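Input: a single structure, listed below in structure tokens.
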Amino acid sequence: MMERWLPLNAAAHGARIDGALNWVHVLMAILFVGWILFFVIALWRFRRAKNPVASYTGVTSHTSTWIEIAVAFVEAILLVGLAVPLWAERVAKFPPEKDAVRVRLVGEQFAWNVHYPGPDGVFGRTSIDKIDVQTNPLGLDRSDPAAKDDVVTVNQLHLPVGKPVIVYLNSKDVIHSFNVPEFRIKQDAVPGITIPVWWVPTITTAQMRQRLGKPDFVYEIACAQLCGLGHYRMRGFVTVEEPAEFQKWMDEQVKAQASTGDDIFQ
Amino acid sequence: MGDHADIDRQVRTYILVFVSLMALTIITVTISRFHLPVPAAVTVALIVACIKGGLVASYFMHLISERKLIYWVLGFTVACFFAVLLLPLWTHFDPILNH
Amino acid sequence: MEIPFTVAERPDTGLNNGKIGIWLFLASEVMLFGALFASYLMLRIGATVWPRGDSILNVPLATVNTIVLISSSVTMVMAWASLKRNDFGKFRLFQGLTILAGLCFLGIKYVEYSAKFHHGLLPSKNTFLAIYFTLTGLHGLHVIGGMVVNGYLWGPGAKLWKTDPEHFTNRVENSGLFWHFVDLVWIFLFPVLYLL
Amino acid sequence: MATLETAPAHEAEHEHAEHQHLGFWRQYVFSTDHKVIGIQYAVTGLLFLLFGFGLVTLMRWQLAYPGRALPWLGKLLGDTRMPGGAMLPEFYNQLGAMHGTIMVFMGVVPLAVGGFGNFVLPLQIGAPDMAFPKINMASYWSYFLGGMTMLASFFVPGGAAQSGWTSYAPLSVIAGQGQTMWLFGMIFLITSSLLGSINFIVTTIQLRANGLSFFRLPFFVWSQLVTSFLLLLAFPPLEAAGVMQLMDRLGGSSFFMPSGLVVSGQVAAYTGGGNPLLWQHLFWFLAHPEVYVLILPAFGIVSEVIANNTRKPLWGYKIMVYSLWFLGFMSFIVWAHHMFFTGMGTTMATFFQTTTMIISIPSVVILSALFLSLWGGSIRFNTPMLFALAFLPMFGIGGLTGLPLGLSAADIPLHDTYYVIGHFHYVVAPGTIFALFAGIYHWFPKATGRKMSERLGKLHFWPSLIFINGIFMPMFILGLAGVSRRLYDGGASYDFAKPVLHWNVFMSISAWGLALAQIPFIINFFMSIKRGEKVGQNPWEATTLEWAAPSPPPHGNFTTAPVAYRGPYEYSVPGHPTDFTPQFLSAQQQATS
Ligand code: HEA
Ligand code: HEA
Ligand code: CUA
Ligand SMILES: [Cu+2]
């Protein structure tokens, strides 16, 4: 039902989020329609012209109490059955790190800095006094051995399809919020804290283009938290590829950044 | 106006409370010199402070013999006080962690 | 019509207007300081290092201040009791002492603050000092506020005693409630900031 | 209940005579009379509502036509705001933050609590005035100062606050001077609310007329009482937070500033160690109860109007009162449902989701009671009733859309999108604002002795109802499509938003239509003061005590101290000659009248 209004889902858990959204809206729709009918009938039947003398006692049946209890009951089911387990899965059931693509994503006014650990799987050291807006926005310390093979991009997040992704969110300045509507993911990037978030992308960018019939489709990262005058244009891009393509891209980046790294990042 | 004998009795209570408050102040300062481990120090200091606060509120502020209405208001307030004091701490104790 | 129950108690609640009013005000004050204590807790729990109060602050001075403030609470309640005993002279004395104690407290606070400023220990130095200055500063403002009211009741406001002694006694009681509350806040501030 | 000594009637006349000698300033400007203060509050609040609406009509231009120059008004606003008539993002953010702040703190609360509470509450409980008239005056002037500070902030370098009405740190801490003004303004407004709420509570508890026991209080009085408790206990934490933010901004402390901040490539001059989420906790500790402050007086007004115009007692009055208290209490422990995405684990999220679901139940109960009250009535469709009736489904839509937001998982796609904007505007705009209109049309005769025009009233109602839905209904579509709120270009930068953006034009046109629809109201309001149909003491044939006072009530309100003989909504009592049995008429008076 709600899928009509939502962007096409492209994450493994998304269908269940949409399902939860569906069920709440079913409850809402039932209540809404029920009460509106009651409302219209009441206004029609008890208008002054038709019913000049009001009844002192009014409604005596206890139906409404039962409706209220039913509402409470349904809310409890939605809560226990859907919302809490789904949330628990999002925030507590992370996939093992070795099975996942791991990325640091650091927000700043007004861009997303992407940091891959590279083949060694270890994020290189960063420090704030190495930060340079133009050349080294993350303050990556290339003298750290772990940093040698790290890959850094701005606003470009590449991911392989079908593999869990863990994104470690952080911010350099103010609060931003990582939001890709198609992935049913939203999470604030709060300075001073690192918050992980994970999901499994299920549709590649190319497949999306086909399905939507939009040859220039891209997944967009939309900053969802007011972060200053450029909030509206704090836009990043996600490219979801077949694993082989992703690996190719990654290898190229590693090579390019490792060879030129020292020159660029100093 | 309360009768004089009553007031005299109250004044004696005030003096007694005053002496206890002084004593408790000395005690809490003395204990703090021992540099107890933090949890113990906090517990002791808070217990002493609560006793002192209780004395001031009960006797100087006459809460011990106040009207029901005031108790209701303060009960409601205390509930909200603990909500604002403790619930935010959850942010520290239940963050999203990746293990 | 006159506003009822400004002086006399309303039979079914057993309270006059001012009494409920001051307690409600104190309830809001509880929440004000409650939020600051909450901030203290949250900052402290989140901090990597947190100095012991006595490593930065002057405990002896603060102990003296605690004693001063507690004494002022007693003189305050004695001032009210004197009115209850119809002894206006004693009231003047005790109320005066209360105000003096307040002044003394502020004087000592001034010495403490200026020593901190002198050593560059400012709110910008760390969050401990930030919360220290905020809490004690706000508390200090309350002391000043209480003194203004007490001073008014000691001086010009005391005229009411002649025309409506009961109303005046109520006012002293209510200002006393506020003063005791200020004392009570200090009773918690002192260990939390200085001793832990 | 014990009999209470109240002042004899001749004393009232004495006071009344004395009142004549008050000069213009004491009588109309620095007045301590609750009715004058109520009207001051109401008019100032209305002006701020109008101003806040003005701000949003400007925003809606930018949202409908991003970047396009606004014909002549644009140039008028100057180069720092709209160079060449095209809006700057800075200015858009100022408009957004100030629209939210003004509507909530300077429009609705002053009108609903300061205005209606002050004017109606003492009358409804049969009191001569508020318990503390001078504090009442101080409350208004503190509000006034706060309002002026906020207005002045538009003119400081860098303009007004632009970090949203929520003023999240660190953004607000590193923002320009307008934010400092915002904080000072808030401190004045908070002071005003605290003074006001103490007054309301004491007045309600202490100054009830003879015979007016608690369960004979009109529902409006209950709603004001609970509202006052919310203001009293929820505002101080924001005051504390405001002081801390001032310290961060002016004193260089780091309450809300974590270590290692780098702003625009420069290491920020803060020692760090603070926590940005602390601000959010303290802000929402206020702001969630605050949203109930916006709605409870509306419940109160609507209940009065509905009981009066269905000509029958409210259904389930006692249950409504209990629900109200429960709602008030619960509203203190649901606030973190605004913070699901700040890195919250399962237990904390579960707690706040559960409390959020629980708090929806008393709302359902109150709304159901109001719906059921219609059944069996003899409904008069006058203007106040139309607004009150429209309130029900409109609040219903707003409340129901709160449910998916309250479930953390369902909130993932919705948080910080236009769905949230749609949710709360349904509760505050066609909800609260409509209830306030209902209240104005209902009590206008009491305040002025004249009725507002029914014809203009209906001309106000029907277009308003249509246009307001035209603004807010499409917001749900935008929100589900994932369009974020607070976007300067309304989402035009994002491809995924493209399919729904055409709605922006529709919404903006509706908003301007809504603005035009207010013209009949403004005309009606001012014309009726002088030219409205003259009415007596009780034009609506109502039952509560305020209708026992002359219209407009004199200083001291009642010519003789009123006594309450029965519950508040004794309409259509079987066997009674008229269809209303006022609280203030004794059995004998009834018989002889
Ligand atoms: C008056 C104001 C008001 C009211 C009453 C409410 C009521 C509720 N609100 Fe809302 N809310 C706001 C004002 C309000 N809110 C504001 C201003 C924000 C945004 C702040 C910001 O971020 O800037 C917000 C945001 C907000 C959020 C955060 C969303 C997000 O940022 O992600 C949440 C989440 O839980 C929420 C939930 C609720 C719930 C569960 C209720 C419940 O109390 C609702 C209960 C009511 C019902 C369930 C309806 C019952 C009616 C019927 C059953 C009858 C139906 C009949 C017909 C339709 C004919 N609200
Ligand atoms: C009580 C609260 C309240 C009210 C009533 C309103 C009313 C309206 N609001 Fe707003 N709004 C907020 C609180 C409110 N709002 C908040 C808190 C935000 C979030 C801000 C943020 O992001 O930080 C927001 C944000 C917000 C946005 C989103 C901006 C963005 O995210 O970028 C939009 C967009 O359309 C909007 C529109 C409107 C409109 C068209 C109305 C209309 O309904 C206005 C209707 C007004 C009237 C009908 C006025 C009637 C008054 C008179 C007629 C006066 C007569 C005078 C005399 C007689 C003297 N509001
Ligand atoms: Cu970054 Cu909004
Ligand atoms: Cu809320």
Side-chain angles (χ1 to χ4, degrees), chain A residues 5-7 17 20-21 24 28 31-32 35-36 38-39 42 46-48 51-56 58-59 64 68 71-72 75 78-79 83-84 86-88 91-92 128 131 133 172-175 177 181 184 186-188 190-193 195 220 222 224-229 231-233 235, chain D residues 89-90 93 164 168 170-171 258 260-263 265 267 276 310-312 315 341-343 345-346 349-350 353-354 357 361 364-365 368 371-372 374-380 393 396 400 403-404 407-410 412-413 415-416 477 480 482 484 486-489 493-496 572-574:
Chain A
W5 309 103
L6 294 159
I17 303 269
L21 213 52
V24 200
M28 289 156 61
L31 284 173
F32 182 76
W35 280 116
I36 282 284
F38 177 90
F39 187 57
F46 299 105
R47 65 187 193 278
R48 186 140 249 206
N51 191 38
V53 181
S55 140
Y56 179 74
V59 179
S64 68
E68 279 147 21
V71 172
E75 284 182 5
L78 288 172
L79 191 63
V84 173
L86 276 174
W87 188 259
V91 303
I128 56 170
I131 286 180
V133 202
K172 282 157 66 173
D173 38 38
V174 304
I175 303 178
S177 190
R184 306 294 189 265
K186 192 171 284 153
Q187 181 61 59
D188 286 0
V190 183
I193 341 178
I195 306 173
E220 288 160 299
Q225 182 67 266
L226 179 63
C227 52
L229 59 90
H231 164 58
Y232 72 101
R233 57 177 162 82
R235 177 177 178 229
Chain D
E90 293 90 322
N93 288 352
Y168 278 7
L171 182 62
L261 285 187
V262 180
V263 180
V267 176
T310 52
R311 315 305 293 165
K312 63 188 282 300
W315 190 89
F341 300 95
T342 53
T346 313
T350 304
Q353 291 178 69
T354 310
M357 288 303 111
I361 298 299
V364 174
V365 171
S368 303
F371 272 111
L372 293 177
L374 301 174
W375 199 265
S378 173
I379 301 171
R380 299 192 301 216
L400 290 175
L403 298 179
L407 297 167
S408 58
I412 293 175
H415 174 67
D416 265 335
I477 301 175
L480 288 169
S484 293
R486 295 166 165 174
L487 295 176
Y488 159 68
D489 60 0
S493 302
Y494 292 98
D495 285 340
F496 71 78
S572 301
V573 181

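All values below were derived from every heavy atom in this structure, side-chain atoms included, with hydrogens, water molecules and symmetry-related copies excluded. So you know, we letter chains A, B, ... as the sequences are listed, proteins then strands, and number each from 1. This one's a predicted model, so the numbers in the text were calculated from it and none came from an experiment.
When A:L31, A:I175, A:I193, A:L79 are compared by the number of non-hydrogen pairs under 4.5 Å with chain D, A:L79 comes out ahead. Chain D forms more heavy-atom pairs under 4.5 Å with one residue of A:V91, A:L78, A:D188, A:I128 than with any other, namely A:D188. Across D:S484, D:P404, D:G164, D:G396, the residue that shares the most heavy-atom pairs under 4.5 angstrom with chain A is D:P404. The most heavy-atom pairs under 4.5 Å with chain A, out of D:G265, D:A410, D:S493, D:P574, come from D:S493. Per-residue heavy-atom pair counts under 4.5 Å with chain A were compared for D:I477, D:V365, D:V364, D:T350, and the maximum is reached by D:V365. Of the residues considered (A:L6, A:V24, A:V59), A:V59 shows the highest number of contacts with chain D, using heavy-atom pairs under 4.5 Å. Of the listed residues (D:P413, D:P258, D:G377, D:P89), the one with the most heavy-atom contacts under 4.5 Å to chain A is D:G377. Of the listed residues (A:P7, A:G192, A:A20), the one with the most heavy-atom contacts under 4.5 Å to chain D is A:P7.
No side-chain heavy atom of A:L86 sits less than 4.5 Å from a side-chain heavy atom of D:I412. By the 4.5 Å heavy-atom criterion applied to side chains, A:S64 and D:F371 are not counted as neighbours. Taking the side chain as every heavy atom from C-beta outward, A:L229 and D:Y488 never approach each other to under 4.5 Å. At least one side-chain heavy atom of A:V71 sits under 4.5 Å from a side-chain heavy atom of D:I361. The side-chain heavy atoms of A:I36 and D:P393, taken from C-beta on, include a pair separated by under 4.5 Å. Residues A:W87 and D:L407 are not in side-chain contact: their nearest non-hydrogen atoms beyond the backbone lie 4.5 Å or more apart.
Heavy atoms of D:V573 lying under 4.5 Å from chain A belong to its backbone as well as its side chain. If you measure heavy-atom distances from A:V53 to chain D, the contacts under 4.5 Å come from the backbone alone. Contact of D:P170 with chain A is made through backbone and side chain together, with heavy-atom distances under 4.5 Å. Only the side chain of A:I17 comes within contact range of chain D, with at least one heavy atom under 4.5 Å from a heavy atom of that chain. Using a 4.5 Å cut-off between heavy atoms, D:T354 contacts chain A through both its backbone and its side chain. The contact between A:V174 and chain D is made by backbone and side chain atoms together, counting heavy-atom distances below 4.5 Å. When heavy atoms are compared at a cutoff of 4.5 Å, D:D489 approaches chain A by way of both its backbone and its side chain. Heavy atoms of A:L226 lying under 4.5 Å from chain D belong to its backbone as well as its side chain.
Pairing each heavy atom of D:S378 with each of A:P52, the nearest pair is OG-O, 3.1 Å. Nearest approach of D:G343 to A:Q187, heavy atoms of both residues: N-NE2, 3.3 Å. The heavy-atom pair separating D:F341 from A:K186 by the smallest distance is CD2-O, 3.1 Å. Residues D:G376 and A:N51 approach most closely at O-ND2, 3.7 Å, considering heavy atoms. Taking both residues in full, the closest heavy atoms of A:A42 and D:L374 are given as CB-CB, 4.1 Å, listed atom of the first, atom of the second, then distance. Nearest approach of A:W35 to D:S368, heavy atoms of both residues: CZ2-OG, 3.3 Å.
Checked against side chain to side chain donor-acceptor pair (under 3.5 Å), D:Q353 has the following partners two or more places apart in sequence or in another chain: D:S408. Looking at residues two or more places apart in sequence or on another chain, you find a salt bridge (charged side-chain N to carboxylate O under 4.0 Å, His left out) between A:R48 and D:D579.
Side chain of D:K312 to main chain of A:G58: no donor-acceptor pair is present (N/O by atom type, distance under 3.5 Å, no hydrogens or angles).
Between atom CD of residue A:E220 and atom CG of residue D:D495 there is a gap of 4.5 Å, rounded to the nearest 0.5 Å.
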TODO: List the steps, then state whether side-chain contact (heavy atoms from CB on, under 4.5 Å) holds for D:Y168 with A:Q225.
DONE: CA-CA 10 Å; D:Y168 278 7; A:Q225 182 67 266; 3.5 Å; yes
TODO: Any chance you could lay out the side-chain contact (heavy atoms from CB on, under 4.5 Å) test for D:L480 and A:L21, step after step, and finish with the verdict?
DONE: CA-CA 10 Å; D:L480 288 169; A:L21 213 52; 4.2 Å; yes
- [ ] Starting from the C-alpha separation in whole Å, work towards a yes-or-no answer on side-chain contact (heavy atoms from CB on, under 4.5 Å) for A:S55 and D:W375.
- [x] CA-CA 9 Å; A:S55 140; D:W375 199 265; over 6 Å; no
